[in-house]
Amino acid sequence: MRYKRMGDDLGLTDEQVKDNLMFASDKVGETLKVAMRPGDAEDWFGVAPPDLTLVARSRGPDCSSTATC
């Protein structure tokens, strides 16, 4: 997920996102970084989370949360 998409979903301006939610990036279009280590995720949830970045990229911008792709 990108900061831009998160801001749009929450109804925030780019300036609000930069001022209040961006601590590890410089650009609103950058992807969010997850601090959870795969080993910790496996301990907590029983399995390491899959990397869905390639799945989302392959589906492209035409796939919304309501569309079936």
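The chain is numbered in sequence order, starting from 1. All of these numbers come straight from a predicted model, not from anything done at the bench.
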Taking distance alone, no hydrogens or angles, what donor-acceptor pairs closer than 3.5 Å link side-chain atoms of residues 16-23 to residues at least two apart or in another chain?
{"unit_1": "Q16", "atom_1": "OE1", "unit_2": "T13", "atom_2": "N", "d": "2.9"}
{"unit_1": "Q16", "atom_1": "OE1", "unit_2": "T13", "atom_2": "OG1", "d": "3.4"}
{"unit_1": "N20", "atom_1": "ND2", "unit_2": "Q16", "atom_2": "O", "d": "3.0"}

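Qualifying side-chain contact (heavy atoms from CB on, under 4.5 Å) partners for D14, counting only residues two or more places apart in sequence or in other chains: K4, V28.
V47 and W44 end up in different hydrophobic clusters when Ile, Leu, Val, Met, Phe, Trp and Tyr side chains are linked at under 4.5 Å.
Taken from CG in D8 to CZ in R2, the straight-line distance is 12.5 Å, to the nearest 0.5 Å.
Within the structure, salt bridge (Lys or Arg N to Asp or Glu O under 4.0 Å) contacts touching residues 34-45 (residues at least two apart or in different chains) are R37-D40.
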